[in-house]
S.K.: 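Structure incoming, see below.
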Amino acid sequence: YPGIKMLLARWTGDALAMQLKPKFYEECPKELLGRWWGEEERQEFINGSQLYIRSLKSADDAARFAKFTGLTLGVIMIDQPEEVPEDIYHALKGRLSQPGFPQQMILTPNPPGPDHWICKEFPEDNSIPGHLYIRTELYDNRGIIGDDYI
């Protein structure tokens with residue numbers, strides 16, 4: 001969607017810099033990329049869409065939501081959300097507010113414990129309207145991670 005604003009996130013800056021951000025640039029076709037705005041941690045695309053690539057953990061607990069406050073987004077994707085505190089997740093849901101675009105949050109967790117907030121938000125029976133739990137296995141990722149990893 002030309003002009004859509006998105007957020008790609010991990011909880012910590014180290015995990016973002018060492019794992020998620022390099023994988024994004026490895027997979028994203030280079031011809032789609034525009035300018036990188038370093039101070040804003042924002043990748044511009046040639047169609048005018050924007051992707052904020054940020055960690056969610058603030059260095060200052062008093063400014064707990066500072067990494068995403070003020071963003072108006074159409075899509076939020078969090079890798080390893082089992083690391084993210086529940087209050088951060090709920091605050092992020094409020095950032096899905098970009099008018100004129102579909103709004104979606106995608107979480108890609110490792111299996112959390114049964115009492116984790118992810119299990120409450122995304123029950124296996126899909127009983128919460130607007131929330132969809134899709135279970136995958138390691139073998140479903142074979143084409144990306146390879147047989148040697150498995």
Side-chain angles (χ1 to χ4, degrees), residues 1-60 63-112 116-118 121-123 126 128-150:
Y1 296 93
I4 197 167
K5 294 178 183 177
M6 304 166 285
L7 171 66
L8 179 62
R10 282 282 306 250
W11 177 238
T12 67
D14 287 347
L16 180 79
M18 295 175 69
Q19 297 166 348
L20 190 57
K21 194 172 179 182
K23 188 63 175 171
F24 167 76
Y25 283 109
E26 178 185 321
E27 297 293 332
C28 183
K30 308 293 183 254
E31 63 272 12
L32 299 180
L33 299 175
R35 180 176 171 197
W36 169 252
W37 297 83
E39 287 184 23
E40 297 178 28
E41 300 175 290
R42 179 172 55 91
Q43 176 64 59
E44 195 172 78
F45 293 89
I46 60 169
N47 71 352
S49 297
Q50 300 172 50
L51 176 67
Y52 295 91
I53 306 175
R54 295 184 177 173
S55 65
L56 298 172
K57 186 176 183 181
S58 175
D60 179 5
R64 192 161 168 79
F65 308 111
K67 296 280 192 124
F68 54 87
T69 299
L71 295 181
T72 302
L73 303 165
V75 174
I76 298 171
M77 194 228 171
I78 307 171
D79 186 42
Q80 307 282 154
E82 69 277 4
E83 302 170 345
V84 175
E86 186 174 8
D87 65 325
I88 298 290
Y89 163 75
H90 285 292
L92 276 167
K93 284 174 52 172
R95 305 312 330 148
L96 288 171
S97 56
Q98 186 181 12
F101 291 94
Q103 296 170 5
Q104 182 176 34
M105 182 181 283
I106 302 167
L107 308 177
T108 56
N110 282 320
H116 196 279
W117 64 262
I118 291 174
E121 287 286 314
F122 298 90
N126 285 314
I128 297 179
H131 291 200
L132 178 62
Y133 171 75
I134 302 171
R135 184 179 185 276
T136 62
E137 296 182 12
L138 180 63
Y139 299 102
D140 297 329
N141 232 354
R142 178 175 266 139
I144 295 173
I145 61 177
D147 287 330
D148 289 341
Y149 179 86
I150 292 173

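All residue numbers in this chain count up from 1 along the given sequence.
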S.K.: Do Ile78 and Val84 pass the side chain to side chain contact (heavy atoms under 4.5 Å, CB included) test, and can you show the C-alpha distance, the side-chain angles, and the key distance before you say yes or no?
M.R.: CA-CA 9 Å; Ile78 307 171; Val84 175; 4.0 Å; yes
S.K.: Identify, with sequence neighbours excluded, every residue that meets salt bridge (charged side-chain N to carboxylate O under 4.0 Å, His left out) alongside Lys23.
M.R.: Glu26, Glu27
S.K.: Would you mind listing every ring pair (Phe, Tyr, Trp, His ring centres under 6.0 Å) that reaches into residues 130-150, with sequence neighbours excluded?
M.R.: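 Listed once each, the pairs are Phe122-His131.
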S.K.: Which residues pass the side-chain contact (heavy atoms from CB on, under 4.5 Å) test with Phe101, sequence neighbours left out?
M.R.: Tyr1, Ile4, Gln98
S.K.: Name all residues meeting the salt bridge (charged side-chain N to carboxylate O under 4.0 Å, His left out) criterion together with Arg42; count only those two or more places apart in sequence or in a different chain, and write none if there are none.
M.R.: Glu40, Glu44
S.K.: Working to the nearest 0.5 angstrom, can you tell me the gap between Leu71 CG and Leu7 CG?
M.R.: 6.5 Å
S.K.: How long is the straight-line distance from CG of Asp140 back to CG of Leu138, given to the nearest 0.5 Å?
M.R.: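 Rounded to the nearest 0.5 Å, the CG-CG separation comes to 8.5 Å.
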S.K.: Looking at side-chain heavy atoms only, is the closest gap between Cys28 and Phe45 below 4.5 Å?
M.R.: yes
S.K.: Is there side-chain contact between Glu83 and Lys57, with heavy atoms separated by less than 4.5 Å?
M.R.: no
S.K.: Apply side chain to side chain donor-acceptor pair (under 3.5 Å) to Gln43 and list each qualifying residue two or more places apart in sequence or on a separate chain.
M.R.: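 Applying side chain to side chain donor-acceptor pair (under 3.5 Å) to Gln43 gives Tyr25.
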S.K.: Taking the side chain as every heavy atom from C-beta outward, state whether Ile134 and Leu132 have any pair of such atoms under 4.5 Å apart.
M.R.: yes
S.K.: Please list, chain by chain and in numerical order, all residues satisfying side-chain contact (heavy atoms from CB on, under 4.5 Å) with Glu82, sequence neighbours excluded.
M.R.: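 Listed in chain order: Gln80, Pro109, Asn110, Pro112, His116, Ile118.
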S.K.: If I take atom OG from residue Ser49 and atom CE from residue Met6, how far apart are they, to the nearest 0.5 angstrom?
M.R.: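 Ser49 atom OG to Met6 atom CE measures 5.0 Å (nearest 0.5 Å).
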S.K.: About how many Å separate CG of Leu32 and CG of Leu51, when rounded to the nearest 0.5 Å?
M.R.: 12.0 Å
S.K.: Side chains of Met105 and Leu92: does their closest heavy-atom pair fall under 4.5 Å?
M.R.: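 SC-SC contact between Met105 and Leu92 confirmed.
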S.K.: Working to the nearest 0.5 angstrom, can you tell me the gap between Met77 CE and Phe24 CZ?
M.R.: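 Those atoms lie 11.0 Å apart.
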S.K.: Holding to side-chain contact (heavy atoms from CB on, under 4.5 Å), I want the full list of residues that pass it with Gln103, two or more places apart in sequence or in another chain.
M.R.: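 Gln103: side-chain contact (heavy atoms from CB on, under 4.5 Å) contacts with Leu96.
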S.K.: List the steps, then state whether side chain to side chain contact (heavy atoms under 4.5 Å, CB included) holds for Ile76 with Ile106.
M.R.: CA-CA 6 Å; Ile76 298 171; Ile106 302 167; over 6 Å; no
S.K.: With sequence neighbours left out, write down each residue that passes side chain to side chain donor-acceptor pair (under 3.5 Å) with Ser97, or none if nothing qualifies.
M.R.: none
S.K.: Given the rule in the side chain to side chain contact (heavy atoms under 4.5 Å, CB included) test, do Glu121 and Lys93 qualify, once you have shown the distances and angles that lead to the verdict?
M.R.: CA-CA 12 Å; Glu121 287 286 314; Lys93 284 174 52 172; 3.5 Å; yes
S.K.: How close do Leu20 and Ala9 get, counting heavy atoms only, and between which atoms?
M.R.: CD2-O, 3.5 Å
S.K.: For Trp37 and Gln50, what are the C-alpha separation, side-chain angles and deciding distance, and is it a side chain to side chain contact (heavy atoms under 4.5 Å, CB included)?
M.R.: CA-CA 10 Å; Trp37 297 83; Gln50 300 172 50; over 6 Å; no
S.K.: Which residues pass the salt bridge (charged side-chain N to carboxylate O under 4.0 Å, His left out) test with Asp147, not counting sequence neighbours?
M.R.: Arg142
S.K.: Applying side-chain contact (heavy atoms from CB on, under 4.5 Å), name anything that partners Phe65, two or more places apart in sequence or on another chain.
M.R.: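 Testing Phe65 for side-chain contact (heavy atoms from CB on, under 4.5 Å), a comparison that skips the adjacent residues, returns Phe68, Thr69, Asp87, Ile88, Ala91.
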S.K.: First locate atom CD of Glu41, then atom CG of Leu8, and finally report the distance between them rounded to the nearest 0.5 Å.
M.R.: 11.5 Å
S.K.: Please enumerate all residues that pass salt bridge (charged side-chain N to carboxylate O under 4.0 Å, His left out) together with Arg135, with sequence neighbours excluded.
M.R.: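 Testing Arg135 for salt bridge (charged side-chain N to carboxylate O under 4.0 Å, His left out), a comparison that skips the adjacent residues, returns Glu137.
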S.K.: So does Glu31 have more than 12 non-hydrogen atoms from other groups sitting under 6.0 Å from CD?
M.R.: yes
S.K.: Going by the rule side chain to side chain donor-acceptor pair (under 3.5 Å), which residues pair with Lys67 if we only count those two or more places apart in sequence or in a different chain?
M.R.: Ser55
